[in-house]
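Since we're looking at a predicted model, the values are computed, not measured. We name chains A, B, ... by the order of the sequence lines, and we start the count at 1 in each one.
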Number of protein chains: 2
Amino acid sequence: MATGRTHRPATRSRGIPEATVARLPLYLRALTALSERSVPTVSSEELAAAAGVNSAKLRKDFSYLGSYGTRGVGYDVEYLVYQISRELGLTQDWPVVIVGIGNLGAALANYGGFASRGFRVAALIDADPAMAGKQVAGIAVQHSDGLEKIISENGVSIGVITTPPGVAQQVCDRLVAAGITSILNFAPTVLSVPDGVDVRKVDLSIELQILAFHEQRKAVEEAAASDAAAPAPAGHDASTDQGPDGDVPAVMPA
Amino acid sequence: MATGRTHRPATRSRGIPEATVARLPLYLRALTALSERSVPTVSSEELAAAAGVNSAKLRKDFSYLGSYGTRGVGYDVEYLVYQISRELGLTQDWPVVIVGIGNLGAALANYGGFASRGFRVAALIDADPAMAGKQVAGIAVQHSDGLEKIISENGVSIGVITTPPGVAQQVCDRLVAAGITSILNFAPTVLSVPDGVDVRKVDLSIELQILAFHEQRKAVEEAAASDAAAPAPAGHDASTDQGPDGDVPAVMPA
DNA sequence: CGATGTGAATAACTTCACAGCA
DNA sequence: TGCTGTGAAGTTATTCACATCG
């Protein structure tokens, strides 16, 4: 969800669909697990099951990368790991800065999944002078005054924002001004960035709200199923529907 | 991304598209901000800008909920807040358990965005006996032995998994057996659940990998742009393309 | 044979553009 | 007149089904 889109008129690039790109890390994870178990080859069916997708989709996804499989056999695990890693740009080192070392920032700094994928936490940055110098995940937190210097000296192009929402945009602006072109935003704010900068967002509260929607729906369907004898009225129009709880809205439109 | 899909043959339900559901929390957040500033009405254009989408999409999304706007004027902020909240099921209380109180679990427990949206952390659960009794975010951590009891006594239907990946599936199984029907999974594992249980996943490492992909692509495009005089060769075939770094794969297919 | 790779068909989502109502 | 609500058109993604090749 949500990337800056088209950094350019898409100069006849290889054009891997965004949906496919978003699944490559999933395949990579499954393949890495197979690799660790020294499994030499895998079929689209098996790999798809391990990655939680269906096999047709997986084969179509791989077809955008090239013909890396062997008919009648399947895919060579090591080879695929390499190809996908390369495609994702994980064969190189990506220094990352995390800005905002609260609970979440610290959790991310400690998260093991980064290092194993080519990501390296180059610096932890916080605006609180009291945090400066403290060790988090074995790295000394630095004050945000030096943000620009840290970024340019370490050649950082990816920034992670785990600040409170109120300062996220200004942190973002400074990151961009300092040369960052990819941002992972955990603050519940819409960031505005110039063209050419990618933003991806993770909002914990949004995920829960989506679950709540489906959860509520289940409850409604269950109720509907229980009085199977009396089916719902036919002329069911959204504009008059008061939804699960029959309450009348507290406020009416002007 | 990734929900269990079709809990039933979709019994002619109101059928709000999944993509729309995923954006409702975004609109709600923007509307809440307007509400706090006592803005009475808002146009699709303004609200769309605040939510980071385009106005046509927003209007189409709202059209699935009903006709809640006023032509020539816009939308009543308070009324929309109520309607979207109700649609998402946020007018009711959702007790949530968090299993796995490491860095991330603690960060979530402390996250303020939950309470304000109808979510209430009913319990923090950890398998480590040494954690039991410790206070995190003002809540005492409980040992996972009592998981089933905690869930049934509190009527919990949403569980958050922040355990190490190795135990995520078994935690998931226990949650489901105890009656949980919605799971937010932070462990980098594919969970398998029976029909009727929704799983959403958040994988921090995956988000970074997607950013890396685009970041790498930018670098490639930049290089291509710099030698504008010598355009890339025409017969450019994915199966022979060695990508950004010209390295030959370490392993070849069988 | 067995599993890949892929055109063609279908479905989901987005954007356009404008009729229609306040 | 201004902005919503929505058919229609366009785009992207998924699934089907089978030719193809090791």
Side-chain angles (χ1 to χ4, degrees), chain A residues 1-3 5-6 9-10 13-24 26-27 39-77 79-80 83 237-240 252-254, chain B residues 1-3 5-6 9-10 13-24 26-27 31 40-49 51-77 79-80 83 210 237-240 252-254:
Chain A
M1 30 188 93
T3 309
R5 203 111 301 251
T6 46
S13 76
R14 208 142 18 116
I16 298 178
E18 191 57 34
T20 295
V21 172
R23 281 187 295 266
L24 291 181
L26 227 60
Y27 302 143
V39 176
T41 61
V42 67
S43 70
S44 64
E45 204 74 51
E46 294 162 335
L47 183 54
V53 303
N54 75 39
S55 63
K57 195 187 285 183
L58 177 142
R59 288 200 301 278
K60 178 65 95 179
D61 283 343
F62 285 179
S63 79
Y64 294 116
L65 308 184
S67 288
Y68 294 151
T70 307
R71 289 168 203 247
V73 178
Y75 301 92
D76 181 281
V77 171
Y79 185 63
L80 248 194
Q83 290 299 343
D237 168 26
S239 66
T240 62
M252 285 300 289
Chain B
M1 358 176 126
T3 310
R5 203 109 302 244
T6 47
S13 74
R14 208 144 17 118
I16 299 177
E18 191 58 33
T20 295
V21 172
R23 279 187 296 266
L24 291 182
L26 228 58
Y27 301 143
L31 283 164
T41 61
V42 66
S43 70
S44 64
E45 203 73 52
E46 293 163 334
L47 183 54
V53 303
N54 74 41
S55 64
K57 194 186 285 183
L58 178 142
R59 288 200 302 278
K60 178 65 93 177
D61 283 342
F62 285 178
S63 79
Y64 294 115
L65 308 182
S67 289
Y68 293 151
T70 306
R71 288 165 204 249
V73 178
Y75 300 92
D76 182 279
V77 171
Y79 185 64
L80 248 195
Q83 290 299 343
I210 297 172
D237 167 27
S239 65
T240 61
M252 285 298 291

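For B:Tyr68 and D:dT6, the OH to P distance is 12 Å, given to the nearest whole Å. When rounded to the nearest whole Å, the span between CD of B:Glu45 and C1' of C:dT15 equals 13 Å. Note: NZ (B:Lys57) to P (D:dG10) measures 19 Å, nearest angstrom. Computed from coordinates, the B:Leu24 CG to C:dC13 P distance equals 13 Å when rounded to whole Å. Counting to the nearest Å, the P atom of C:dA3 and the CG atom of A:Asp76 are 17 Å from each other. In this structure, A:Leu80 atom CG and C:dT4 atom C1' are separated by 12 Å, rounded to whole Å. When rounded to the nearest whole Å, the span between CG of B:Leu65 and P of D:dG5 equals 10 Å. Here C:dG5 presents its C1' atom at 15 Å from CG of A:Leu47, a figure rounded to the nearest Å.
If you check distances only, the side chain of A:Arg59 does reach the base of C:dG5 with a donor-acceptor pair under 3.5 Å.
The residue among B:Val73 and B:Lys60 whose nearest nucleotide of DNA chain C is located toward the 5' end is B:Lys60. Mapping B:Asp61 and A:Gly72 onto DNA chain D by nearest heavy atom places B:Asp61 closer to the 5' end of the strand.
B:Arg23 has its side chain within reach of B:Val53: a pair of non-hydrogen atoms, C-beta onward, lies under 4.5 Å apart. Contact check for B:Tyr27 versus B:Leu80: no side-chain heavy atoms found under the 4.5 Å cut-off.
Look at B:Arg23 and you'll find a side-chain N or O under 4.0 angstrom from OP1 or OP2 of C:dT14. Contact check, B:Ser44 against D:dT4: a side-chain N or O comes under 4.0 Å of OP1 or OP2. Between B:Asn54 and C:dT14 there is no side-chain N or O to OP1 or OP2 distance below 4.0 Å.
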Q | Residue pair B:Thr41, B:Thr70: steps toward the side-chain contact (heavy atoms from CB on, under 4.5 Å) verdict | A | CA-CA 10 Å; B:Thr41 61; B:Thr70 306; over 6 Å; no
Q) Stepwise, does the ring pair (Phe, Tyr, Trp, His ring centres under 6.0 Å) test hold for B:Tyr68 with B:Tyr79? A) CA-CA 8 Å; B:Tyr68 293 151; B:Tyr79 185 64; 5.4 Å; yes
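Looking at heavy-atom distances under 4.0 Å, A:Tyr75 makes contact with sugar-phosphate atoms alone, never a base.
Of the candidates C:dT15, D:dA13, D:dT6, D:dT6 carries the atom nearest the B:Ser63 side chain, counting heavy atoms from C-beta on. Checked against D:dG5, C:dC13, C:dT4, the side chain of B:Arg71 finds its nearest nucleotide in D:dG5. Taking every side-chain heavy atom of B:Glu18 into account, C:dC13 is the closest of C:dT14, C:dC13, C:dG5.
Between A:Ala22 and B:Ile210, the shortest heavy-atom distance links the atoms CA-CD1, 3.7 Å.
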